[in-house]
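Values below: all heavy atoms of this structure, side chains included; hydrogens, waters and symmetry mates excluded. Numbered from 1 within each chain, the chains take letters A, B, ... in sequence-line order.
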2 protein chains.
Amino acid sequence: MSTAEETDGDSAPWAEVTPEAARRLLVAAVDAFAERGYHATTTRDIAGRAGMSPAALYIHYRTKEELLHRISRIGHDRALFVLEAAADGGGTAAERLAEAVRSFVRWHAERHTTARVVQYELDALGEEHRAEIVELRRRSDAVVRRIIGEGVRAGEFDVPDVPGTTLAVLSLCIDVARWFNAQGSRTPDEVGELYADLVLRMVAAKR
Amino acid sequence: MSTAEETDGDSAPWAEVTPEAARRLLVAAVDAFAERGYHATTTRDIAGRAGMSPAALYIHYRTKEELLHRISRIGHDRALFVLEAAADGGGTAAERLAEAVRSFVRWHAERHTTARVVQYELDALGEEHRAEIVELRRRSDAVVRRIIGEGVRAGEFDVPDVPGTTLAVLSLCIDVARWFNAQGSRTPDEVGELYADLVLRMVAAKR
DNA sequence: ACGGGCCCTAAGCGCTTGCTCAGGTTCGGG
DNA sequence: CCCGAACCTGAGCAAGCGCTTAGGGCCCGT
């Protein structure tokens, strides 16, 4: 009865992308964007990875930017879902903060290809699309800030600067997407555990 | 008699880039790369910002990639210098770690335009150039790891996973370049102070 | 049997890219 | 007064870019 059961939306990564061909293209785009970056990726490369001709892409997506937006939108939705699930999981503020960091970090490590695109190609999006995504990120910030604030009020935490510490916690988690390597020596679970511990130390009341 | 006096190599940012025109181009490139990213920046844009024709760029640099390499090399050298100065500053491990984080973070905040290019456009570099830069980053890692290791041995710190914590500390500092905004409410000094405190909490021995 | 909608491709359009090159300007030394 | 070196520009090349278009197979209900 953990907070994240099977509804974490990550068991079948891109199942909701409905025409199978559109999904293949999207997965190919995630790989390509994560590997080379949005601007260095060509539509020919994406289509090639999906085993199609360049023109096929434009049957399912209007532009290359729309592809990035779809990836970014779904990715942020899932990351936020994971965070909120942990935050609403009950228990002390420390337990909820630890679980939030643990699962958020695990998501960024496990799906670091997606996360890299989602977190680091943000300003390749157009004006409106970016604004939409930024709103989702503010909600992530609010979730973490709320837990820390509650912990402070309950006397569990000692945090002189709540917004600053919130920023640092999220920054720490997000940056996992940059350095995490699947071939590396740490599993996503191990990193999640390590980071949950480090974050608890950052906010712990001195005894 | 602080560790970082005026020799921090940042008082006159790009003074060592010798022909004045070459420096103008390099500064323009830093701005453009930081704003749009390496791949989204055109040589015409760089030359335009420097008030020259596109062809002028190729008198001073062989390729666009060489420009990025020069920026990356100088930036990493300076960041590493700042770190090492703090590490060799004397005092307890806690004092040295705090000073290292403080000045490293301050550098990333103050010069966040440069830092963004230096830290996030790494894999736009060619094979050899990237290898050279990666070596500099390993030295940064070694500096932080050494301080933490010494603190543990001296009984000042309680750190179950030294390499993992080192990674987290550096990740935290580096990511400042991504979110720091000059128009924001925090000064580089404030962020450095906040982060030094947070990092000390992460490694502090429980009492 | 067959017509229409759905997917897909081959070919290519218009444009921008990184980069080149012949030629012009500036300037200190003989 | 002229020369050569240092620096820069206008014009443009080949290649690659995002994206479009005309059309061909395939599968469905009727």
Output yes when Glu20(A) and Arg23(A) qualify as a salt bridge under the 4.0 Å nitrogen-oxygen rule, no when they do not.
no
Using whole Å, what does the distance between atom P of nucleotide dT16(C) and atom CG of Asp45(B) come to?
14 Å
Is Glu128(B) atom CD crowded by more than 12 heavy atoms from other residues, nucleotides or ligands, each under 6.0 Å away?
no
Do the charged groups of Glu99(B) and Arg102(B) touch, with an N to O distance under 4.0 Å?
yes
Salt bridge Arg186(B)-Glu193(B), side-chain N to carboxylate O under 4.0 Å:
no
May I ask you to check whether His129(B) and His69(B) place their ring centers less than 6.0 Å from one another?
yes
Quick check for you: name the first and last nucleotides of DNA chain D, 5' to 3', having an atom under 4.0 Å from a heavy atom of chain B.
dC8(D) to dG12(D)
Can we say Arg36(A) and Asp45(A) salt-bridge, meaning some charged N sits less than 4.0 Å from an Asp/Glu carboxylate O?
yes
N/O contacts under 3.5 Å, protein versus nucleotides 17-19 of chain C?
| from | atom 1 | to | atom 2 | distance (Å) |
| --- | --- | --- | --- | --- |
| dG18(C) | OP1 | Thr41(B) | O | 3.0 |
| dG18(C) | OP1 | Lys64(B) | NZ | 2.8 |
| dG18(C) | OP2 | Thr43(B) | N | 2.9 |
| dG18(C) | OP2 | Thr43(B) | OG1 | 3.3 |
| dG18(C) | N7 | Arg44(B) | NH2 | 2.8 |
| dG18(C) | O6 | Arg44(B) | NH2 | 2.9 |
| dC19(C) | OP2 | Tyr58(B) | OH | 2.8 |
| dC19(C) | OP2 | Lys64(B) | N | 2.9 |
| dC19(C) | O5' | Tyr58(B) | OH | 3.4 |

Rounded to the nearest 0.5 Å, the OG atom of Ser171(B) sits from the CD1 atom of Ile174(A) at a distance of 10.5 Å
Inspect the contact between Glu121(B) and Arg116(B) and indicate whether a charged nitrogen and a carboxylate oxygen are less than 4.0 angstrom apart.
no
